[in-house]
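The structure under discussion appears below in the form of structure tokens.
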Amino acid sequence: MGAADQVVESGREIDGGEGRDEEEVVVVPEKKENEEEGHQHLGLKDVEKGFPGEVAGGGGASINSTEYRTAMLQRLNPTNPLRIVINGGTRVAASAAGARVAASAAATRSVPAPSPPQLNVSIPRSTPTPQSSVVTLNSRTYTDRFSLFLFMVHLVVAVGLVGFMVFRGVQGLFQASEDVKQKEKTVLHYFLPQVEAASFLSITLAFAWQKAVRMWPLIMVHFIVWSTFLVSLSAGVLLLCFQKPPTDGIGVCLIAFAIGNGLYACWISHRTKFCCKVLIKSLEPVSKFRDLNHPIYWMLAVGFLWMSIWILAVIGALNFYYPPLTIIALFLSLAWITEVMRNIANITVSRAISLYYLRGMQSSTQFCFQRALTYNLGSACLGSLFVPAIEALRIVARGLNLLEGEDEFMFSCAHCCLGVMERIFGYGNGWAFVQIAAYGKGFVQASQDTWELFKAQKLIEIVDSDITSSICFLTGMCSGSICLIVVAAWTYTVHRGFTATISLLAFLVGYLMTRIAMALPHACVCCYYVCYAENPDNRLFDKTIKDRQALIESGRDVVVPTPRLPGRSRLRT
């Protein structure tokens, strides 16, 4: 029996309970109690069949639900009149008679007695207490079903197209004319080995980059930025030395990228220190999950097999109608599939790390991977279409931020683009994968909620100036350039006519494979920011972000944010 509008909660923390003679009694509204009850229930019981981990601020102590309830009962003072009825985690408020006993006991200890309940209407024990809605961590709803359906249709079409092209290639080897047979044999002999070698090399580089970033983040951030500049410049110069029009075009593009990369490295030099701090802190939970890299292994293995079959399909497309258009369609399909693979790994890691931050749980990586492949696959597909475009627009916006001049037309275009970006970032951003993984939200809803969290905690400038996504992108570019150098030198010595084509394919393979592997550190950093925005007082977070905010507010640290509203940019009249 208890009051209808109040509940009494005993105890504050799970840890630090030993040595206390009595607990502080706190009277809170029923809604807050129900929310706290839901959070504690979800935090202590791993809904993904994992096991309890370190509770935030608990000093690494592992507990389970039964031990927790027993400890709560044992810590009650003998004179405390509270009687907690544990039935599926439900607490019942103290009765009016219990309140009078509490008043007399408090008077004996010279402590002000708690006020008696205002309402005398009792609720039968069989009547369930009204519960407030809480966000569940164990959602069983498929997110973004339309994009999931679209991706499945595309996957069926892609498998059919690749299979048909492989069949055309095999048919050309045995049933076509002698000219076609000789052409396909030449392609297989001088085309396939280099691309397969590029795939093996890209997988090796992918794991090497990830391992190095996890072990030496302070060094690798600077190394990646400047090594990408040097390697891409070297690749461009090498292609120019071949003195062929196709290789010259690719070489000029790489040299232009290297110059832009060098300017970017100088521009972000003052941001690398904070990026290293966040990267070091965000990678700390990885050591608690020994199998966190297993989804990366699976994605890279599937990616290697699919690319091997895809290369055979490209060879078969040479004997089909409109070979350039067919190859472009195959490439676009490959890009979407590999991006979905990367986001599946991203969601898996985000699920494990976010539950550790939000609930102190060490959930099973296997079940996180299963959720990413089933319930959250639609959001991964939708995000794979929009996030790369959003990142590209982010680069354009940063370029517009540096725009100088008196041209009124240029500034009008800049303001129009910035207005569009304001809406885009409100409905789609790369940070959304954390809430997709943790709460099972759709991509658009997760993007909106995440951006509102950043606004509420005044983290817009900090997350907007984060360079982790740029570091992962540059890592992929560096791997692609290394694969290009190796394959281009090899192909030029055996068959010069294939140099440009195979070099471009090797670059794309190296880039895509490395981006899949770098999903782990990227997801860890995203979880660090998003989970901090949701609960800044969590003891798993230090003062890194708070100190950064204090420096920005005091004007001692300068950030260069991406402008989002026309009013924030500089108008020239």
Side-chain angles (χ1 to χ4, degrees), residues 42 46-48 50 53 135-139 143-144 210 213-214 278-279 281-289 291-296 298-299 339-384 386-387 390-391 428-451 453-454 463 466 468-469 472 515-535 538 540-541:
L42 290 172
D46 191 350
V47 294
E48 293 302 325
V135 180
T136 178
L137 297 175
N138 198 25
S139 174
T143 58
D144 297 313
Q210 189 205 102
V213 168
R214 290 171 54 187
V278 173
L279 190 58
K281 186 64 180 177
S282 61
L283 289 174
E284 289 180 357
V286 176
S287 60
K288 302 181 184 299
F289 301 88
D291 58 345
L292 197 58
N293 247 333
H294 289 181
I296 307 294
W298 282 106
M299 292 295 101
E339 188 68 15
V340 170
M341 291 180 181
R342 183 174 76 90
N343 286 326
I344 289 173
N346 189 346
I347 291 175
T348 303
V349 176
S350 298
R351 172 82 179 174
I353 301 298
S354 61
L355 291 184
Y356 172 79
Y357 281 134
L358 297 175
R359 298 294 181 265
M361 298 164 53
Q362 286 183 243
S363 56
S364 172
T365 305
Q366 177 184 356
F367 286 97
C368 295
F369 188 42
Q370 291 178 1
R371 284 184 62 89
L373 285 173
T374 53
Y375 300 113
N376 303 136
L377 182 58
S379 297
C381 300
L382 184 61
S384 300
F386 287 100
V387 171
I390 291 170
E391 292 295 330
N429 54 76
W431 310 98
F433 290 111
V434 178
Q435 292 217 359
I436 291 172
Y439 301 116
K441 298 180 181 178
F443 177 74
V444 176
Q445 184 63 43
S447 300
Q448 292 176 329
D449 295 345
T450 303
W451 206 246
L453 281 175
F454 287 156
V463 300
D466 180 72
T468 305
S469 60
C472 296
R515 289 306 305 271
I516 293 176
M518 292 301 293
L520 189 147
H522 189 202
C524 291
V525 173
C526 290
C527 288
Y528 187 82
Y529 280 115
V530 176
C531 295
Y532 175 86
E534 186 167 341
N535 184 14
N538 193 325
L540 292 174
F541 301 113

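In this view, Tyr375 and Tyr142 satisfy the ring pair (Phe, Tyr, Trp, His ring centres under 6.0 Å) rule, not counting sequence neighbours. Applying the side-chain hydrogen bond (donor to acceptor under 3.5 Å, both in side chains) criterion to Gln366, with sequence neighbours excluded, gives no partner residue.
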Side-chain polar contacts of residues 519-533 - donor-acceptor pairs under 3.5 angstrom, sequence neighbours left out - could you list them?
residue: Tyr528; atom: OH; partner: Asp542; partner atom: OD1; Å: 3.1
residue: Tyr529; atom: OH; partner: Asp466; partner atom: OD1; Å: 3.3

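Between Gly440 and Thr143, the shortest heavy-atom contact is O-CG2, 3.1 Å. Pairing each heavy atom of Ala446 with each of Ala432, the nearest pair is CB-O, 3.6 Å. In terms of heavy atoms, Ala372 sits closest to Thr348 at CB-OG1, 3.4 Å. Annotation for Arg214 and Val286: closest pair NH2-CG1, 3.6 Å, computed over non-hydrogen atoms.
No donor-acceptor distance shorter than 3.5 angstrom exists from the side chain of Thr450 to the backbone of Ser447, with no hydrogens or angles considered. A donor-acceptor pair under 3.5 Å links the side-chain atoms of Arg371 to the main chain of Ser139, judged by distance alone. Under the 3.5 Å distance criterion, the side-chain polar atoms of Gln362 are matched with a main-chain donor or acceptor of Lys288. Formation of a donor-acceptor pair under 3.5 Å by the Arg351 side chain with backbone atoms of Cys368 is not found in this model.
Each of Leu292, Asn293, Val349 was compared with Thr365 under the side-chain contact (heavy atoms from CB on, under 4.5 Å) criterion, and only Leu292 meets it.
By the neighbour-count criterion of 12 heavy atoms within 6.0 Å, atom CZ of Phe386 is sparsely surrounded, having that number or fewer from other residues, nucleotides or ligands.
Residues Gln435 and Lys441 have side chains that bring a donor and an acceptor to within less than 3.5 angstrom of each other.
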